Structures are given as structure tokens and as C-alpha cells.
Protein chains: 2
Amino acid sequence: MTHTFLNEAPITTASDQVFVDMRREIVEGSIVQGSKISEPELAKRYGVSRATLREALNRLESCYLVERKANVGCRVVALTAERLIEVYQVRSSLEGLACRLAADNMEPEEVKGLKQLLNQHLQTQRVKEGESYYQEAGDLDFHYRIIQGSKNAHLIHLLCNELYQLIRMYRVQMGMVGPRVSKAFDEHLAIINAIENHDGELAEMLMKRHISASQANIQTKFDLLTAKS
Amino acid sequence: MTHTFLNEAPITTASDQVFVDMRREIVEGSIVQGSKISEPELAKRYGVSRATLREALNRLESCYLVERKANVGCRVVALTAERLIEVYQVRSSLEGLACRLAADNMEPEEVKGLKQLLNQHLQTQRVKEGESYYQEAGDLDFHYRIIQGSKNAHLIHLLCNELYQLIRMYRVQMGMVGPRVSKAFDEHLAIINAIENHDGELAEMLMKRHISASQANIQTKFDLLTAKS
DNA sequence: ACCACATTAATTGTCGACAATCTAAAAAAT
DNA sequence: ATTTTTTAGATTGTCGACAATTAATGTGGT
């Protein structure tokens, strides 16, 4: 199913559609990481002209999913341990900022909605133990809402439109499912409380720590997978 | 004159050239902020086809200098007080991170080069009092080098390639010249010392404060200019 | 057998033209 | 006169073809 992301322009043009489709395929791995992209081939596959495909490639480059070299071509981003660290350092910093701002700028009803979402998670988790999709989407929603709560449009764009797809790509392809649910739940709860108390400093700190834990989790998985091959 | 920026792919293709040219014109204000962009007109002006121009527009969008709407068109970013705050919140966070990382990862000779740069600034300032260009370029160099020192490729790209042009645009068009030189010098010195002592926390804090001061400085200028008109 | 060079094939960059969409001016209706 | 509809103009999105550059193949020399 196609999860539609927040704060995204509606899909009107043909290149929009190609962009969204390719993005999903790259994140999910059907277009494999590190592989070269042939413009004529993919244009044929999506049934569009090369100009349209190139438009989509440009946008994919903007969210770090493909890399481009002049007169050489495009290739899908390669998932490496170094890049994971780099991206998470940035994410931690930015989402920490978002959380601090959210503590000041979130409306009471937004906080209320966040709490409801968390309770809903708890319910869903008990019922559908181990179902990864809900956990993925739920965690995503949680982070998205806090980022929105920062009320900083530039920051929101940076995180939700540019950075998050790459982060999802790591999570999905490392098979980050199931684990860490209960721990993440407690961490989420603590963050909400800090926001509700308008304690920006604490909220920022907790969010940074939460993301660091998430990073460590992915990292071990990554090391295991790379050691295997 | 054309200052060539660090970490940029060499200008090989025609759209590269148009991108660099338009970027300078937008930053300097010859293409005025907030104005609509006519693809056919600019294509003719730069002597390239629309496809080439659109490629350049895509890249300008990636560094936040133009905004695009489907089936409507492109317009140059508008300089507003709100956006200034938003961008500087992000900049402060990211460049703080860069500075903290630099304290750990910068090579001794890099730190040495940074100190020499600062001394050089002091000399140039005394000789050419009030000359804005050197101050601009010098300050830019200082920040660039520290960002490079973070050794985080993603962070470097984010700051140097994506965010900095917009920041320069504010500085240039607000006429940020001359003032704050001596104060900025002391702040730069303190930051270098923290980096040299591998005191990441202090370095981050000082950099954030330095950027906040810079923001306040621009903001007052902005308020003055907007109050006039 | 290995390396250097030339030639060929494939890929990317660029162009001009057409189709789809939006904006604005003119016409019609209330 | 004001609002709505229509129509015309202009702008953007998309396409297929050509030019320029790169990668691959084959050839000759040592």
C-alpha cells in the first residue's frame, strides 16, 4: 500500500508519479542500493520520456536517494556504515532542535493528539505483536507530529521531505522491525511529558538520546548483515 | 569577481554554468527576491534551451533560492523575517554540530591554518578598514574550514552546498558589511581555542552563540530596511 | 602476455516543437 | 455596475531527435 506522506505537494504531473514510485522502490530495495541507473531503461519501464524521468531523478537527488555525476550518470545511494553515522548525527541535531521548538510552539490539542497516538500504539502493539508495519508507521507518525509542532517550515521541509526517506531506507533494508518497541514506547512517553511541561531543554535532550539509541540499534543490525556477506 | 566555492563539482555542462550565474545574480539581488521567473525569457537571456534552464532551476530549488509550483512556475525566494529566523535556527544547530565534531576530528595542521587565517584577517582589516569584501570572504572561509573539519560529508554538503547561499543572500542584500568585525574576531578566536583543546561541548556552545549574535545583527538591519519601505 | 592507442557503441546533455494547464482579458448575464 | 462565463494568450510539462561525452571493444606494438 502507498503511504502518503505529510506536507507533500499533491501528485499532479507525470514526473511526480515517477518520483513517488521510484522513491518507494529505492527505499524498499526493489531498485537495489548502489546500482547504476540507466535513463533509457527506466524511462521505458515507467512509460515516460527521458526528460520526465530526469526531472524525477533530480528530485530523488534532493532527498539523497540517488547521486549524480556529470556526463557519467546516476546511481542509487549506497548504504554504508559511515553514511549511517553521518546522517544520524545530522538527524539527531535537527530533530533535537525540532523537539525543543515543539515544547514552546505546540498547541495543547496537538499534544493531546500525540498522547492519543501513543496510547493507540500501545493497543495495536498488544493486539498485533510483531507486526512491523504498524510499528514503522506509528513511530514515523510520532516523529512527524513533533517535527510539525516545531512550526519551523524550513526545518520541517529539511526533515520530512529531504532526510526522512533516506532514514527509512536504512530502517527498511536493515529489517528494523519489531524490536525495541517497549523501550521506544517509554522514551516516547518521556518526550511527550517534557513537551507538555514546555521543558524545551529536556525535550531536546531526550529526543537526541532516543535517536542515538535508534542509531545504535540499526548499527548493530548493519554490522551483522555486512559481516554475513 | 567570481568566488569559487569549496566542495563544488567543476563546471562542465551548460546547465552548471547557468546555475552558477543565476545563483550569483539571485544572491546579489540583480534577480530580485520574490520575483517570478519566466523560463522562456531567462533561457533566451542565457542563450540556452528551456530544458537546460530548467535543470538549473531544479538545482536552485535544492539550495532554497527559488520555489516551484507545478503548472504555475518558479519564483525567487522572498526574504522575510520569519524565514530568517527559521534558517538561522537550523544553521545554528547544524553548525554547532559541525563545530563540536571539528573539535574531535580536525587535524593539527588544519587548526594551524585556521589560526593563520584569523591573523591574516586581523592584518587585512587594519589595512583595509571597512572593505567589506574581504570581511565577507574571510568570515566565510572561517566557517567553511570548521565545517570541513567536522569530516561529516553529509553535514558538509548540507551546510556548504544547500544552506549557505541563502544565508549569503540575506547578508549581501541586507548590506551586512563592516560592522561587528572586531567582536566577530574575538568570537572566532575563542572558537579556535576550544577546538584546539578538543573541547567539543564548549566549541559547539560558542559557535551557536556566535551565530545567534550574527542573526540578531542581521535582524535589526532587516527591521530597519523593512520599516523604511 | 601485457600495455597503449584508436575505433565503435552506448549514455548523457541539449535542443526545438507539441500538448496540457493556468492566467488574464473580453463578453454575457443578472 | 458586478459577477459569471467564455475565450484567447501565455506558460509549463512532455516528447522525440541530435550533439557531445564517456565507456567498451578491438587492434597494434613491445
Side-chain angles (χ1 to χ4, degrees), chain A residues 4 8-26 31-78 157 161, chain B residues 4 8-26 31-78 157 161:
Chain A
T4 170
E8 278 211 322
I11 298 168
T12 52
T13 142
S15 61
D16 282 344
Q17 188 63 57
V18 175
F19 167 65
V20 172
D21 289 348
M22 280 192 72
R23 186 178 67 182
R24 203 188 69 242
E25 293 201 62
I26 290 174
I31 300 179
V32 293
Q33 55 117 341
S35 66
K36 179 141 190 337
I37 285 179
S38 161
E39 292 184 5
E41 181 191 326
L42 280 189
K44 200 167 65 180
R45 182 168 144 202
Y46 286 105
V48 294
S49 93
R50 261 185 64 221
T52 304
L53 184 93
R54 281 164 68 86
E55 179 79 27
L57 287 180
N58 277 324
R59 294 207 232 156
L60 289 170
E61 191 183 15
S62 293
C63 53
Y64 312 109
L65 295 183
V66 306
E67 287 164 350
R68 188 164 235 203
K69 273 186 211 161
N71 288 316
V72 175
C74 230
R75 60 174 55 246
V76 182
V77 69
H157 175 80
N161 295 127
Chain B
T4 169
E8 278 210 321
I11 298 167
T12 52
T13 139
S15 61
D16 283 344
Q17 188 64 56
V18 175
F19 167 64
V20 172
D21 289 348
M22 282 194 69
R23 185 177 67 184
R24 203 190 68 241
E25 293 201 62
I26 291 175
I31 300 179
V32 293
Q33 55 117 344
S35 65
K36 179 142 191 334
I37 284 178
S38 161
E39 292 184 6
E41 180 191 326
L42 280 188
K44 200 167 65 178
R45 181 167 146 204
Y46 286 105
V48 294
S49 92
R50 261 186 64 223
T52 303
L53 184 94
R54 280 165 69 86
E55 178 80 28
L57 287 180
N58 277 323
R59 293 208 229 153
L60 289 171
E61 190 183 16
S62 293
C63 51
Y64 312 110
L65 295 184
V66 306
E67 286 164 351
R68 188 165 236 199
K69 272 186 212 160
N71 287 317
V72 173
C74 231
R75 59 174 56 247
V76 181
V77 69
H157 175 80
N161 296 128

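Just so we're clear, the structure is a prediction, and the values are computed from it rather than from any experiment. Letters A, B, ... mirror the listed sequences (proteins, then strands); counts begin at 1.
When rounded to the nearest whole Å, the span between CD of A/Glu41 and P of C/dA9 equals 21 Å. Distance A/Asp16 CG to C/dA20 P: 17 Å, rounded to the nearest Å. One atom, CD of A/Gln17, and another, C1' of C/dA20, lie 17 Å apart when rounded to the nearest Å. Summarising the geometry, the separation between OH on A/Tyr46 and P on D/dC15 is reported as 15 Å, rounded to the nearest angstrom. B/Ile37 places its CD1 atom 10 Å from the P atom of D/dT12, with the value rounded to the nearest Å.
Sorted by residue number, the list of members of residues 53-69 of chain A with any non-hydrogen atom under 4.0 Å from DNA chain D is empty.
Closest non-hydrogen pair, B/Val18 versus B/Ala56, comes out as CG1-CB, 3.8 Å. Across A/Leu53 and A/Tyr46, no two heavy atoms sit closer than the pair CD1-CD1, 4.3 Å. Closest heavy-atom contact between B/Thr12 and B/Asp16: N-OD2, 3.1 Å.
Residues A/Arg59 and A/Ser15 meet the side-chain proximity criterion, which asks for heavy atoms closer than 4.5 Å. At a threshold of 4.5 Å between non-hydrogen side-chain atoms, the residues B/Leu42 and B/Met22 count as touching. Side-chain contact between A/Leu60 and A/Leu57: present, with at least one pair of heavy atoms (C-beta onward) separated by less than 4.5 Å.
Of the candidates C/dG13, D/dT14, D/dA23, D/dT14 carries the atom nearest the A/Ser49 side chain, counting heavy atoms from C-beta on. The side chain of A/Val72 sits closest to D/dA23 out of D/dT14, C/dT12, D/dA23. The side chain of B/Thr52 approaches C/dC15 more closely than any other nucleotide in the set C/dT23, C/dT12, C/dC15. For B/Asn71, the side-chain atoms get nearest to D/dG13 when compared with the rest of D/dG13, C/dC15, C/dG13.
Nearer to the 5' terminus of DNA chain D, by closest-nucleotide assignment, is the contact made by B/Glu39 (compared with the other of B/Glu39 and A/Arg50).
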Pairs of donor and acceptor atoms involving the side chains of residues 65-76 of chain B, under 3.5 Å and at least two apart or interchain, shall be tabulated with distances.
from	atom 1	to	atom 2	distance (Å)
B/Glu67	OE2	B/Arg83	NH1	3.2
B/Glu67	OE2	B/Arg83	NH2	3.0
B/Arg68	NH1	A/Glu55	OE2	3.3
B/Arg68	NH1	B/Asn58	OD1	2.7
B/Arg75	NH1	B/Gly34	O	2.5

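OP1 or OP2 of C/dT12 has at least one side-chain nitrogen or oxygen of A/Lys36 nearer than 4.0 Å. Side-chain N/O atoms of A/Ser15 include none lying less than 4.0 angstrom from OP1 or OP2 on D/dG13.
Across all strands, B/Ala14 comes closer than 4.0 Å only to sugar-phosphate atoms, never to a base (heavy-atom distances).
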